[in-house]
Amino acid sequence: MTQIIAASLLGLALAALIQSNGPAYFIRSLENPRERREARADILDTPVHPGSVVKPLALVAALERGVIRQDHEHMCRRTAKVGGQTLACSHPDLKRPLSLAEALAYSCNDFFVSLAPRLSREALNATRIAAGLPPIAATTPMAAAIVGLDGPKTTPRALIDMMARVAGVPGRSVAKAGAGSDTPLPMRPETRAIVLEGLRGAADYGTASALKTGGVSALAKTGSIVMPNGTALGLVVALTPSDTPTRAIVVAAPGAAGLDAASLAVEILRAAPAPPSLAPQAPNVVQVSTIRLGRSGANSAVKIETLQVDDYIAQVLAGEGEPRASDAAQQALAITARTFAMANRNRHRREGYDLCDTTHCQVVRPATAVTRRAAEATSGRVLLHQGQPAFVFYSAWCGGHTERASHVWPGAVDYASTPSLDDEACDDEPAWTSEVRADQIERALRAAGLRGSRLRNLRVVARNESERVARIRVEGFTPNEMSGHEFRMAVGRVAGWQALKSTAFDVDRTGSGYRFRGRGFGHGVGLCVIGAGKRATRGASTDAILRFYFPGLTIGSMSASPVLTTAPASVSPRATASARASASARAPSDELRRDGDVSLALPAAEEAERGSLLSLVRRSRDEIAKATGVTAPNLRITVHPTVDSFGRATGQPWWVSGATHGASIDLLPVTVLRQQGQLERTVRHEVAHALLDGSLEKRPIWVREGAAAYFASPPGARQGRPDRVSCPADLELLRPISAGMQREAYARAEACFARAIADGKRWNAIR
């Protein structure tokens, strides 16, 4: 009777915990990546110390390096000292030594701390890396790292992959020979037998015994840690059933301990069986429905719009692709974008729509004839894995090496045969350089939750197989290391996304901050937009491009046309008006402040730049007008608050810094142009277009671009007569495949113009 009452009270307590604190959970099939459910991504994707969940790694390292033998036994002393903290052993006192499997099942702190003086840092790091976790730093205490209370953080979501590697789960879609870091953790059969016995024991009689009590057969490990905000967090990772695991779950419960998380796992598994809708379907058959797009507006208002799938894809191509890429490249991106949309349609279900219009999902802009043609030509085609739309990605420029999804988002699916690829199509793209002030990085680190006030140094400490930064040391802050992706995201939110275009960078100290030199733009996972464009110009077909970037996936057709609705969702009049205002191609005229003969619109954050920018504009205008004899018009200049807003307003690709139409000039944010070292050059170039294009309207495009580039340089720095030069054709300037090809065409245009000037021709007589 007492046991029944206790069980009932426990059930009530767990129900209250589920309702009040909202545990995070992630359930995933180990055989079909599409079978998954989750809750509380805010917790699942928060890097934390993993606690006792990582203890199996120390056991494997100790056995494989001969620090202990298979028959080793340990007499628990009930407490252990870790960095001045006393950890008690809560497991039963058996009055006898524990076997290795029992020490793991009971998570005996005294045993694992006893390994610290004998286990080398190099041995533990080798095991951690093979398990998919970053290595511990030289300054991290070994005992604290072994029990998971110090060292690099990881996300709860990523712990499933670590556990699957430790258990050597057969049949994992990513655990095949040649799959690199996704292969099972290498160890001798006798070592694996001990580890599996310990993980099975944890679920049967140890720290996760609530699983067996609840009728769940599993390999499991628990942990109890503290989140960055100071809240306790109970963890459990379980693979079920124990003999032939086909399913995995991680539960992260705020305000709870590991044993509570195990009890919650039982409740969650009972309440959330694998839904029929996630079961594999017949090959090449995909169920589709309407794309409900949430368009962002002013004051966070969202207008929900229902679109035909092809109309949506045409708008995505206009927002994410290269406007002048050839058909094969456009169509490859169309198939990739449609696959992403089909695989992620429930991303914003709670908000009442499928996908948003920002980089969180896919950016959309008004469709063009080119993008509509690509969407229609590929209608219904998607990339498939086991008959379902695959979880695919794409980025602007991979920098010459594609990246694994799991290196960017721990726990993301890495399909078989998709390692980091060498993309020689991007080899001739120019590298980028940027400088970021130290105070900006310090502000970014504090905003990301690190503690500290002064950054003493930045140092890359680990790179992955694509040569991107895996770990970076941030001396002066706690913790003193973070992943390259986390660092890039943190800096981007403060200094702008152009500051660190990718994680493929080197870093040097400067007088006021740090200089970054790198390659690539974006995360580098999946299809490279620039690489696809270059492959298309070499004659590669759409299918050949997709086979290169997504080996192992197949191209299939959706089974039917989408279900369409034409009535828009109900939205408030204010939201509708805000959305219309945000869709305006240019800033309204009342945002322009007139100052004499120049009108200038600046974002509020850059208002302090008004005086210096007006001075630069007028100086450039006067110098060019004097050199050419033209009468300068009244200039209208709009500086956009973000790179994305500039692109939306102008339709220009990501590498363009300014755009001019008549006497109206659009510019990237001043801070971005200054970081790139392009502020004066860009302003002079666009002012030159505003002054000279009217006189050169009917000339070849190279004449207009050559004149703007030539006069953008101060008189003493203008190019002399080149010996040999081939003037670019209009298409080379109108339809460049990449930033590098456009830059090369512009350089030739300037050289042609300079040669004509050197030959004595007047600037407005060049043809």
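- Looking at Glu38 and Arg157, a side-chain N of the basic residue comes within less than 4.0 Å of a carboxylate O on the acidic one, giving a salt bridge.
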Next item on the list: Apply side chain to side chain contact (heavy atoms under 4.5 Å, CB included) to the pair Ser483 and Arg471, showing each step before the final yes or no.
Entry: CA-CA 4 Å; Ser483 75; Arg471 306 291 301 176; 3.9 Å; yes
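- Residues that satisfy the salt bridge (charged side-chain N to carboxylate O under 4.0 Å, His left out) test with Arg473, not counting sequence neighbours, are Glu481.
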Donor-acceptor pairs are to be reported for all side-chain atoms of residues 185-206 against protein atoms at under 3.5 Å, with residues two or more places apart or in another chain.
from	atom 1	to	atom 2	distance (Å)
Arg188	NE	Glu64	OE2	3.2
Arg188	NH2	Leu63	O	2.8
Thr191	OG1	Glu64	OE2	2.6
Arg192	NH1	Val166	O	2.9
Arg192	NH2	Leu185	O	2.7

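- For Glu475 and Arg454, the salt-bridge test fails: no basic side-chain N is under 4.0 Å from an acidic carboxylate O.
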Taking it one step at a time, do Asp110 and Lys81 satisfy salt bridge (charged side-chain N to carboxylate O under 4.0 Å, His left out)? CA-CA 8 Å; Asp110 183 53; Lys81 293 280 190 181; over 6 Å; no
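- Between Arg517 and Asp508 there is a salt bridge, since at least one side-chain N of the basic residue sits less than 4.0 Å from a carboxylate O of the acidic one.
- If you check the side chains of Ser52 and Lys55, you find a donor sitting under 3.5 Å from an acceptor.
- With no hydrogens or angles considered, a side-chain donor-acceptor pair links Asp422 and His401 at under 3.5 Å.
- Looking at Ser107 and Thr207, their side chains never bring a donor and an acceptor atom within 3.5 Å of each other.
- In this structure, Trp397 CH2 and Cys426 SG are separated by 7.5 Å, a value rounded to the nearest 0.5 Å.
- Counting only residues at least two apart or in different chains, side chain to side chain donor-acceptor pair (under 3.5 Å) contacts with residues 88-97 comprise Arg78-His91, Asp93-Lys95, Arg96-Glu102.
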